[in-house]
*Asks:* 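One structure follows; several queries about it will come next.
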Amino acid sequence: MTGTANPALRTRRLVLHLVCVTVGALIVVPVWFGVLGGFKDNGQLSTNPLGWPDPWVTDNYTGILASEVFWRQLGNSLLIAATSTLVVVGASAMASFVFARFAFRGRELVFTVFAVGLMFPFAVAILPLFVLLRGMGLLDNPLGVILPQAAFGLPITIVILRQFFRTIPGEVEEAAILDGCTPFGFFWRILLPMARPALATVSVLAIVTSWNNFMLPLVVFTDQSWWTLPVGVQAFQGQYADDTARVLAYVVLSMIPALGFYAVAERQLIGGLAGSVKG
């Protein structure tokens with residue numbers, strides 16, 4: 001029986017490895033093509049799209065890095081992503097604390113309303129959202145992007161944090177209250193430090209979502225000085241439609257900050273998600 005099980009086990013492992021290699025190749029090959037393509041000219045892209053550049057053309061990258069427009073768009077993306085994350089994580093943490101630690105009539109109904117927001121597509125709301133922002137005078141204003149992003153980020157953030165907060169033993173809260181700690185004091189001094197993995201998880205999700213958001217900044221910002229990197233990439237592609245190598249370089253440089261942040265926070269992200277699922 002062992003002899004028949006081992007071949008079956010080896011076959012499953014082989015299939016799993018092949019699937020992993022295939023998925024990895026689908027991710028790595030386009031990135032590899034983009035990075036190397038930025039070091040080529042259009043002639044090399046046509047004749048040798050996946051090979052090494054010969055010669056290496058560094059002007060595509062250095063020209064973009066020397067551009068004031070690129071750094072302004074990078075700063076706009078950082079400002080909007082950081083502020084959106086602070087708003088959505090702060091508001092969601094307080095709401096999740098109430099949903100997880102307090103019992104009141106209608107609690108599950110209100111929580112269900114937030115959870116239903118996970119099924120609400122952002123594209124459906126773009127037109128009424130534009131009308132609302134125009135009426136509030138928030139067009140060409142970073143708050144016109146920050147506040148809607150935070151609002152659409154609330155459902156997933158609350159779901160994750162609430163589940164994590166519910167895993168904190170009630171004895172910890174009872175001991176804190178006996179020591180004279182108020183509910184807000186317990187939340188601020190004890191619960192939030194214990195929930196650092198979950199907070200890191202939702203922060204990474206919020207930052208990456210904000211960084212990749214294209215539609216909302218495109219609709220809100222008509223002033224080019226407020227454009228973010230996704231909008232800048234689209235405009236750059238239209239400006240240099242005939243220079244594919246330069247466009248690839250711009251796309252690669254736009255991805256680096258988000259990829260770098262994700263690489264640094266990957267362990268916290270996986271740990272936080274595992275903790276929330278376990279809870």
Side-chain angles (χ1 to χ4, degrees), residues 1-40 45 48-53 81 85 88-89 92 96 100 114-123 152-168 194-215 229-230 233 244 247-279:
M1 183 175 295
T2 304
T4 58
N6 286 336
L9 180 61
R10 286 196 298 266
T11 301
R12 286 197 297 269
R13 289 179 177 176
L14 178 61
V15 172
L16 180 60
H17 289 163
L18 290 176
V19 171
C20 292
V21 170
T22 303
V23 173
L26 292 175
I27 297 173
V28 172
V29 171
V31 175
W32 180 260
F33 174 79
V35 173
L36 290 184
F39 286 105
K40 299 177 181 179
L45 282 176
N48 187 23
L50 295 178
W52 291 99
T85 300
V88 69
V89 173
S92 299
S96 301
F114 277 101
V116 168
L118 292 171
M119 299 179 289
F120 191 76
F122 178 80
F152 277 90
L154 285 175
I156 183 62
T157 309
I158 289 177
V159 168
I160 294 176
L161 290 182
R162 186 213 190 199
Q163 191 64 28
F164 197 94
F165 287 168
R166 295 180 71 176
T167 63
I168 305 299
M194 295 180 68
R196 284 179 182 174
L199 293 175
T201 298
V202 295
S203 297
V204 172
L205 294 175
I207 288 176
V208 173
T209 301
S210 174
W211 195 272
N212 293 330
N213 195 342
F214 169 75
M215 184 178 297
L229 276 176
V233 168
T244 306
V247 173
L248 289 175
Y250 201 98
V251 172
V252 170
L253 290 176
S254 301
M255 292 191 306
I256 288 177
L259 291 176
F261 177 81
Y262 183 83
V264 171
E266 178 187 6
R267 184 173 302 178
Q268 290 290 342
L269 174 64
I270 296 175
L273 287 175
S276 63
V277 172
K278 181 179 179 181

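Since we're looking at a predicted model, the values are computed, not measured.
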*Asks:* Looking only at heavy atoms, what is the nearest atom pair of Pro30 and Ala25, with distance?
*Replies:* CD-O, 3.9 Å
*Asks:* How close do Ala81 and Ser210 get, heavy atom to heavy atom, and via which atoms?
*Replies:* CA-OG, 3.2 Å
*Asks:* Should Leu259 and Val31 be marked as a side-chain contact (heavy atoms from CB on, under 4.5 Å) after you check the CA-CA gap, both sets of side-chain angles, and the distance that decides it?
*Replies:* CA-CA 11 Å; Leu259 291 176; Val31 175; 5.6 Å; no
*Asks:* For the side-chain contact (heavy atoms from CB on, under 4.5 Å) test, which of Thr201, Ile207, Val208 pairs with Val204?
*Replies:* Val208
*Asks:* Students often mix this up, so state it plainly: with edges at 30° and 60°, are the rings of Trp32 and Trp52 parallel, tilted or perpendicular?
*Replies:* perpendicular
*Asks:* What's the spacing between Thr167 OG1 and Phe165 CZ if we round to 0.5 Å?
*Replies:* 9.0 Å
*Asks:* As an exercise, state the distance from OG1 of Thr209 to CZ of Phe122, rounded to the nearest 0.5 Å.
*Replies:* 11.5 Å
*Asks:* Can you name the nearest heavy-atom pair linking Gly51 to Leu36, along with the distance?
*Replies:* O-CD1, 3.8 Å
*Asks:* Enter the distance from Ser92:OG to Leu154:CG here, rounded to the nearest 0.5 Å.
*Replies:* 4.5 Å
*Asks:* Testing the basics here: between Val252 and Val35, what is the closest heavy-atom pair and its distance to 0.1 Å?
*Replies:* CG2-N, 3.7 Å
*Asks:* Find the distance between OG1 (Thr85) and CG (Leu199) and round it off to the nearest 0.5 Å.
*Replies:* 12.0 Å
*Asks:* For the residue pair Phe164 and Ala195, what are the closest heavy atoms and their distance?
*Replies:* CE2-CA, 3.5 Å
*Asks:* Could you tell me the separation between the CG atom of Leu248 and the CG atom of Leu45, rounded to the nearest 0.5 Å?
*Replies:* 6.0 Å
*Asks:* Have a look at Val19 and tell me which of Val21, Thr22, Val23 forms a side-chain contact (heavy atoms from CB on, under 4.5 Å) with it.
*Replies:* Val23
*Asks:* Compare every heavy atom of Val233 with every heavy atom of Val251, then report the nearest pair and how far apart it is.
*Replies:* CG2-CG1, 3.8 Å
*Asks:* Rounded to the nearest 0.5 Å, what separation is found between the CG atom of Leu229 and the CG atom of Asn212?
*Replies:* 10.5 Å
